[in-house]
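In what follows, a structure is listed as C-alpha cells, so that the remarks can point back to it.
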Amino acid sequence: MCWNKPYGRDGIVAALDSLVTDGVLPDGLSFGRITVETPRDESHGHVATNAAMVLAKPSAQKPRELAEAIADKLRADNAVTQVEIAGPGFINITLSDDIWFRELADILRAGTGYGASDMGGGEAVNVEYVSANPTGPMHVGHGRGAAIGESLAALLDKAGYNVTREYWVNDAGAQIEILSRSLHLRYREALGEDIGEIPEGLYPGEYLVAPAKDVAAKDGDQWVSRDESDWLGVFRRYAIDAMMELIRADLDRLGIRFDVFTFESSMVETGKVQAALDYLTDKGLMYTGVLEPPKGKKPEDWEPRPQTLFRSTDFGDDVDRPLIKSDGSWTYFSTDIAYHWDKYQRGFKTQINIWGADHGGYVKRMQAAVKAMTAGDGNLDVKLCQMINLLDDGKQFKMSKRAGNFVTMADVVEKVGKDVFRFIMMTRKNDAQLDFDLQKVTEQSRDNPVFYVQYAHARIHSVLRHAADAFSVHELQPDALADADLTRLEDDAEKALIMQMANWPRIVESAALAHEPHRVAFYLNDLAASFHGLWNMGKDNTQLRFIVEGDRELTRARMALIRGVSLVIASGLEIFGVTPVEEMR
RNA sequence: GCGCCCGUAGCUCAGUAGGAUAGAGCACAGGAUUCCUAAUCCUGGGGUCGCAGGUUCGAAUCCUGCCGGGCGCACCA
C-alpha cells in the first residue's frame, strides 16, 4: 500500500473499498470530495482525511461512527502506527518512521527527477507565450510572460503532460509595414544618405541599424530609388527575419527555446483563415450586423457600420465580434481564430496562452471562438500577467527611451543575471503586479528569495565538501547515501524535513493542475527555511550538527538527509531554468 | 454603463480541489557566532480575511448583492 504518493489517498481509498465489501458502506459512493492531505498542525498526525464527514450523509451514518469503522481498517496496516478521530470526524493518521526513511531513499535514488508525476498521462498540451510582435527587442514585460510560460511548460512536463512550447508571430499586420519602411530608411542611411530625424510613425530604434547594413551589403543600392511597392515585400521578409533573430537571442539569454514558431502570414497563405470563416458560416455563426456603441464611453468617431460578426455571445462572450472590417479585410481576431483552430487540429485539446493583462478584454471572445471551432471539445486557459513595476533601490525606475536607462529585457538580464530574473518572476502570482527592484534582487539577504534558496543549496554542498574529509566521493553520492542507516535520523526536525520533501510531488501536481508555477517558488522558499533552521539547531546543540565527530553512521544518515534537500531544491529550480549553485561567493 | 482581475498583519504577499487555532518576509522589540558560510537562526507583539447575506458538518476559499482599487471596452495587433 502506498502512503505517501499521493499522500496516502490510495491507502484511504483501499480502506473505503474494503468497507464497501463488508457492507458497511453502500455501493456506488463518490469519493470525489474526499481529500487527503498533510495537516498543518503536527499533533494531527502525518495524514488527515475528511472521508468520514464527506461520506456520512450519503451513507446515512454518523460521521464519528463511520470514522471509527474506517480507522479500524486503517489500523490493520502495519505502516500505520496511530489513528485518531478528531473534531467533527477528521481521521488523523500517524505513519511509521520507516515510511519516511524509505521516501528519503527514494528521493536520493530519483535525484532531480523526484517529484515527476504521470498525472498528465501524456496528454498533449500547447503553451503559447511571449508571442511579442517582431518589431523590436523584448522588453521587461515580455520577460515576465516568458518566465511564466516556460516555467509552466516545464512544470507540466514534470507532471506528465506532453508539452509543446509555441510562439505566435504576428508578421502580417500594419505594424510590420511600418517596420519594413523603417528598415528601408535605415538601409538608405547605411548607404550614406543623411536621413535626418526618423519621421513620426516609423520606428526610431537603433536595433534596425545593423540589419539595414546587412541588407546594404547584400543587395547594394538596388532598392534605393525603386517604388515602395517593389521593395516593401522584400524588406518585410528582411525585417521579420532580423527581428526574430533578435528575439531568439533574447530568449536565449533566459534559457528559453521554443518548439514551434507559427507565423500569422502562414495562416493567411495556406487559406486557414478563409477556411475558419467558412466553417463558422456553415455553422450559421456569422451574420452582418451593426454593433451598439459602447455605453459610458462613446468614441468620438463612432458611427453605425455594418460588419461581419461572429456570434460569440452564443459561447459566453458579451457582444458579438467583428471578423471582417468594412474595407473587406480580416480583423486580427479572424486570424487568431484560425490559429487556435489550427492548434486544435494539431492535437491540442488543451491550450494555454500567456498574455499581458492589457489583453484581458480579449479572453472571452477567444475562449468563445475555441468552443465554437471545436464543438466544445477544445479548452483554452489564458493566464494574464500583470505589469512589472521596475524599481531602483525602492525608487520608481524611470523608463526613458533616451540615453543611459535600459528598458529592454536583455539589459535587465545582463545586470542581474538570468537566474535572478527567472526566479524573481515566479515570486508572485501571474495576475498580481510585481515589484522588481534592481538593487534588492541582487542583494544577498533573507528578503531576496533567489539568494535564500540558492544559499541553502550551496550550504549543503559546503557541508558535503567538509564531509569529504571522512568519506570518499563515492560514499557521498546520492545512490550510495540511499543505503545509509536512515533510522539514525531520530530528531523530530529531521523527520519533519523529510516529510516536507515528501510533499514535493504533491506540490508539482497541484501547481500543474492549477497552472500556477509560482507555487513552486514558495515551496522552495519554505524548504530552504526549514533547512536553514535545522542548520542553526546545530549551533545550539552540537549533537544536531550534520557532521558528527566519531559517529560515521549518523553523519552518513545526515548527509543523506541534506543531500535529499539539495536534490529537491535542484528539482524545483530546474522547472524555473535556474542553476543550483554549489558555492556562493 | 458593461466585462475581467484584485481587496488577508503597519508594508509586500502566500494560503495547498471547502477543513481543525489564517501563515511568511519586511518593519518593530529582544536574543544566539571559540563550532559544517551569522550571507543564517530563535523568541515576541501584532487580523471583524473589504462589507452584508447565502450554500453545509465546516467558507479567506463556492454563490448573490454592495463598497473600494486596477485593466479593457466597435473595422488596433
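Hydrogens, waters and symmetry mates are skipped; everything else that's a heavy atom, side chains included, is used.
Not a single donor-acceptor contact under 3.5 angstrom links the side-chain atoms of A:D435 to the base of B:U12. Between the side chain of A:R33 and the base of B:G58, at least one donor-acceptor pair of N or O atoms lies under 3.5 Å. Looking at A:N50, its side chain has no donor and acceptor atom pair within 3.5 Å of the base of B:A20.
Contact annotation for A:Q307: base contact, defined as any heavy-atom pair under 4.0 Å involving a base atom. Within the nucleic acid shown, A:F333 has no heavy atom closer than 4.0 Å to any nucleic acid atom.
Across all strands shown, B:G1 pairs with B:C73; the Watson-Crick or G-U wobble distances both stay below 3.5 Å. B:C51 is paired with B:G65 under the Watson-Crick or G-U wobble criterion, all donor-acceptor distances under 3.5 Å. In a base pair of the Watson-Crick type (N1 to N3 plus N6-O4 or O6-N4) or a G-U wobble (N1-O2 and O6-N3), with each distance short of 3.5 Å, B:U43 is matched with B:A29. Pair assignment for B:C13: B:G23, on the basis of Watson-Crick or G-U wobble contacts that are both within less than 3.5 Å. Using N1 to N3 plus N6-O4 or O6-N4 for Watson-Crick, or N1-O2 and O6-N3 for G-U wobble, each under 3.5 Å, B:C36 pairs with nothing.
A salt bridge between A:R558 and A:E494 is present, with a side-chain N of the basic residue lying under 4.0 Å from a carboxylate O of the acidic one.
Residue A:M387 places its CE atom among 12 or fewer non-hydrogen atoms of other residues, nucleotides or ligands, all under 6.0 Å distant.
Computed from coordinates, the A:D469 CG to B:C36 C1' distance equals 10 Å when rounded to whole Å. Residue A:D540 contributes atom CG, which lies 15 Å from atom C1' of B:C36 at whole-angstrom precision. Counting to the nearest Å, the C1' atom of B:A20 and the CD atom of A:E84 are 13 Å from each other. Across the protein-nucleic acid pair, A:I12 atom CD1 and B:A17 atom P stand 17 Å apart, rounded to whole Å. Rounding to whole angstrom units, CD1 of residue A:I547 and C1' of B:U37 are separated by 13 Å. In this structure, the NZ atom of A:K429 is 9 Å from the P atom of B:U16, given to the nearest Å.
One P atom belongs to B:C57, the other to B:C66, and the distance between them is 29 Å to the nearest Å. Going from the P atom of B:U55 to that of B:C11 covers 34 Å, rounded to whole Å.
Considering A:H340, A:H359, A:K383 in turn, A:H340 is the only one that fulfils the side-chain hydrogen bond (donor to acceptor under 3.5 Å, both in side chains) rule with A:N353.
Judged by the 6.0 Å distance and 45° axis criteria, A:R365 is not positioned over the aromatic ring of A:F310.
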